[in-house]
Every structure is written in structure tokens, then in C-alpha cells.
2 protein chains.
Amino acid sequence: MLERERHSLILKLVEERSIVSVGDLLDLLGASEATIRRDINTLAERGEVKRIRGGAEAVRPRHQPHLVGMPFSLSQDISVPQKRAIARVAAELITPGESIIINGGTTTFALVEFLADHDLDILTNSFPIAAKLLATSRNRITLPGGTIFREQNIVLSPFDNDTIDNFWGNKLFTGCYGLNRFGIMEADPLIVQAQTKLLKRTEDVIVMADSSKLRQKSAMIVTGLERISTIVTDDGAKPEELEVFKAAGIKVIVASVSQDDELQKLA
Amino acid sequence: MLERERHSLILKLVEERSIVSVGDLLDLLGASEATIRRDINTLAERGEVKRIRGGAEAVRPRHQPHLVGMPFSLSQDISVPQKRAIARVAAELITPGESIIINGGTTTFALVEFLADHDLDILTNSFPIAAKLLATSRNRITLPGGTIFREQNIVLSPFDNDTIDNFWGNKLFTGCYGLNRFGIMEADPLIVQAQTKLLKRTEDVIVMADSSKLRQKSAMIVTGLERISTIVTDDGAKPEELEVFKAAGIKVIVASVSQDDELQKLA
DNA sequence: CACGAATCGATCATATACAATCAGATGCGA
DNA sequence: TCGCATCTGATTGTATATGATCGATTCGTG
């Protein structure tokens, strides 16, 4: 991974979480501690992050809105191969002509690529997903009303009366911050709210979670396991990690990253 | 593989991923490291990519993502100079901090360019306008819920309960198909419906109509002159054409196209 | 205040990327 | 076909980045 890539990734994470530890970055960047420290120091010198003991902090206070890049390009993102592999498999769960709901997120954004040829009714709260769908597919796209939150890139209405309530999806595709025996966990209250709204508009909940999510915890439980019907993850997941989901009656699909790589090269 | 081919491939990849390493290109181009470096350096000299250690980066700043599949661009549009002149003048009607509504259309799309530095609450039913605002300004953006109609590029809900009803704009900016003594005329029933919804959410209606619209008629009257407070047109309009509006108590502003051209060149 | 643990900065050996150079390959016009 | 110009790939020495190590500092805890 290039220095510049690490820097972007660090900045992205700092923006997202407003604070990151060296330890977090260790796994995510696959670089040594020394390098990560150097990266953080460099970024701190440039004033792009604030150096704090144990990690880095956002320069900007969290509440202050700022212009953030839409994830139009997956490359700025982490776990890209995993997410693509998951997306490819998840897309196979879709029947032509049905209506689906796609919750915003980088994992679900990867799904769009595989929806080009479908003829679907799609509701999504993600502006970038809608934009890409609009540009690359012929599906019918519906947006909920609301304000565009730049940080999360989702459309969310502060009000009750929402177009969303007139939509019914056969399936909901969603990512998550963490996924474990408690269910779907998120770290951002805004995302919780958005996701909760969507959960009411479908029966079939499909969670797309790369294997790192299975070890991730947070404070907010969006919904318990009983609400989830299918989980799509990648082969980085240990079998014992998946047991709890299977025991809860959830269909678990494991996507092979290496196999997806080959398919990708063919295309 | 020809030099040109490599260059375009590199540009394509950089565009897609926003960062590529020499190593990546090594496999993809099947050329030697030296050649790839030379290619990158050449492209960097031309300003087409940014040279970074280990590879190349997109010139576009990370925080200004490009707009994928912008369904229409001003360049494909007619009366561009007129529309830009009108937009520049219309933008001056806006007070910092206020909340405005922008109806979809190519004329109002031109307005976005002049809204970059404002700090506004903006509701728009136009997907492209929202996308461009999101990418180039810091304004707060709200979308009505609904389906995206590709032809008109607007978001319109077939239902009654709409986020739109919780919004109130100090001003509504709208284009039109035709503008005459009957009021605002449109040719597309869908646009009529969208516009009608917006009209209910404001008092102050500002119509942006290049002079060709003053001679255009259609079958559907969206609203009469009594609802319009201001008309912004260009200096292609004959004074006698504007009399009827002034007589109705409407403020008429005429934008000078040639003067706008000069301002544009300065920028 | 004292202790251990975590974090940090500095240092150094190694790995990687770089520009410069040159020889061979390729394309092009005479 | 020859000769020239250009492009390409390999090589080399240099600059830079990286990761491991280690002592110093800071932090949390008792």
C-alpha cells in the first residue's frame, strides 16, 4: 500500500470516527506501528489531523458540517476485495423484477456494480448509490425525502411523514458497523435512525458484512439476530464465528475472495 | 502496446481508483517499471495526473469528487450564456442563511454555480442540482422523497405524505417552459405536478426565464402571474414583452449577457 | 508516590522507489 | 534497405521509506 493511500485512509477514518487509535490502523493498513506513527505525524504537521496519544483525532469538531467525498470510487475504501466478493454473491439473491431496499454504506455501494442488468424497484437512502444506479442502470430508483447528511452520505428525514412509508421491499440489503450475537451494531446514531426506518419496510433482511465486522463491537444495537434472515460475509470469517448466526436460524453465505478476484479479471 | 494506449489506460485507472501504484500498472500494462515511470512522469508534466511516490494519483482533490452520470450538463443545453447571466443575477437575490427552494431545470441548474459560498438551506427536487450542490458547496441540501424520473431528472413522490411539506422556503427559484400573461406554462404534466408542490412551500416566487421563454406557449398553466414576485430574464427580451409583468406588479430584472461574459472571463 | 503497561521518538539495517545511463529494439522516412 | 530518431528495458548508484529494536516518556492504577 502506498503512503498516499494510507494517508487517505487515515483521513477517511478520522473523519468517520473522529478518533482512531494506532491499534485500529494497524489491522486496517497492514503497516507497522512505526509507519503508522510516522503517517500520523506527517498528517499532523500538515494540520490535517490532530496528534493525540495513542492515535489521531479529527481537527474539525464533529458537529461541524464539512464537504466529504462521496464514495463514488471504492478504492478509497477498506476491504475492497472482500466487499466486492460479498456484493457479487449478494446480488445473486435478487430475483428480477422485485423491489429491494438498499441501505447506505460502502459495502452496499459495491452492490450497485452487479445491479446493472436488473429491472428492479430500488429504494435507497444513499445519495451516491442512487447516483451510480441512475448513471449505470435502468432500475427504478426511489429516494426517501430528507436532508443529505454529507458525512454519512445518506438522505434522512427528521420528520415522520416520509415517502419511505409508502414503499415495501422484498429484501433489505444493509451493511453494518459490527455484527455479532447481539445483532446489527452501528456507531453513528444517524445511521441507526436511518436503518431503523428501513427495517420497518421489509421482511427479509440481508446483512452484508465482511469478516472484520464480526469482531467489531459498538454501543448501539439496531436490531437483534431474530430480524436477520441472511448474512453474506467473506472467507476471512472463522467457522466458529458464524456458529452463533446459524444457531439463530440465519442463512449464512460465505463469499470466496480469491474466486471473486478471478471472476473480476475475466471481466 | 502503444504509448498512447498505456497513457489512456493509466488515466482510466487513475480516474477509477484515484490512486494507482507502479506495481499495479506493471501487471496491467505489461511494460517495464522504467517505462511506467516515464509514462507517469509524462502525464504528470502535462498535469493529467499527480506524481506520488510509488505511483500516480488523480489530479482532482479528494474532497471534490466528480459527478458520475450527471444526467445533463449545461454544455448540452441551449441558451447557455443567457442562462448563466440570469443565474448570476438571480443569485444576488439570495440573502445568506436563508432557506430557498430550487425547482429542477437547466436554467435553475445554472444557479448552482453561484451558490458555492453561500450558507443556505436548500430544497430541490432535481437530482443533478442536489449532486452538484453536494459536491461544490457547503449548503444544507434537502430532497423530497420519491421516484427519480430519468427524463426530467427530478424526484417526485406519487404519494401525499412528503418531506416537502415540512419545508418552508423564503424563495422559490424556478424555470419554465413558457412565461406570458397567463403565468407560468409547462409542457410536461410531471413537471407541472412537481412545480405545483413546490409553489405551496413558499411565498416568494422567482422565475428565471431566458427571453425565448417569453414567446413560448403551452397547454398547461401552472400558476398565474399573481403568484410571481420576480422575473429574471436576459436582455434579449423586448421592453414591450415585459410590460405585462410590470403591470401585474412583478419585479422584472434584466441580466446583461455581454456583461456576464466579461465577468466570466475574469474568473 | 511508585509501579507496570502502553506509547513514543530515535536509531539502524533492510527494502523499496527513484533518476540517470546505456544498449538494444522498434518505428519511420529517405 | 539503410540510417536516424525514438522508445524500451536492464542496470546501477542514490534517495527514501519501512520495520524492528531499544531506551525514554507518559499514563493509569493501586
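- Taking every heavy atom of both residues into account, B/T136 and B/A116 meet most closely at O-CB, 3.7 Å.
- Nucleotide C/dC8 holds its C1' atom 15 Å from the CG atom of A/D39, rounded to whole Å.
- Between the P atom of D/dG9 and the CD atom of B/E3 lies a distance of 11 Å, rounded to the nearest Å.
- Straight-line distance from the CG atom of A/L25 to the C1' atom of C/dT7: 14 Å, rounded to whole Å.
- Spacing between atom CD1 of A/I52 and atom P of C/dG9 amounts to 13 Å, rounded to whole angstrom units.
- Heavy atoms of other residues, nucleotides or ligands lying less than 6.0 angstrom from CZ of B/R140 number 12 at most.
- One interatomic measurement links the two molecules: CZ of B/R4 to P of D/dC7, which rounds to 13 Å at whole-angstrom precision.
- Nearest-nucleotide positions on DNA chain D place B/R38 closer to the 5' end than the other of A/S32 and B/R38.
- Closest contact between the side chain of B/T35 and the listed nucleotides D/dT8, D/dA20, C/dC8 involves D/dT8.
- Between B/R37 and C/dC18, a side-chain N or O to OP1/OP2 separation shorter than 4.0 Å is present.
- Side-chain nitrogen and oxygen atoms of B/R6 include at least one within less than 4.0 Å of the OP1 or OP2 phosphate oxygen of D/dT8.
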Test log, rule salt bridge (charged side-chain N to carboxylate O under 4.0 Å, His left out), inputs B/R88 and B/E113: CA-CA 8 Å; B/R88 188 192 297 274; B/E113 189 182 336; 5.9 Å; no
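- Nucleic acid contact class of A/L2 (heavy atoms, under 4.0 Å, all strands): none.
- For A/F127 and A/F149, the gap between ring centers reaches or exceeds 6.0 Å.
- In the displayed structure, B/E151 atom CD is contacted under 6.0 Å by at most 12 heavy atoms of other residues, nucleotides or ligands.
- Using a 4.0 Å heavy-atom criterion, one finds that B/I36 contacts no nucleic acid atom at all.
- Taking the side chain of B/R53 as heavy atoms from C-beta on, and the options C/dC18, D/dC7, D/dG9, the nearest nucleotide is C/dC18.
- Nearer the 5' end of DNA chain C, as judged by each residue's closest nucleotide, is the contact made by A/N41, out of A/N41 and B/E33.
- Atom CG of B/L26 is separated from atom P of D/dT8 by 14 Å (rounded to the nearest Å).
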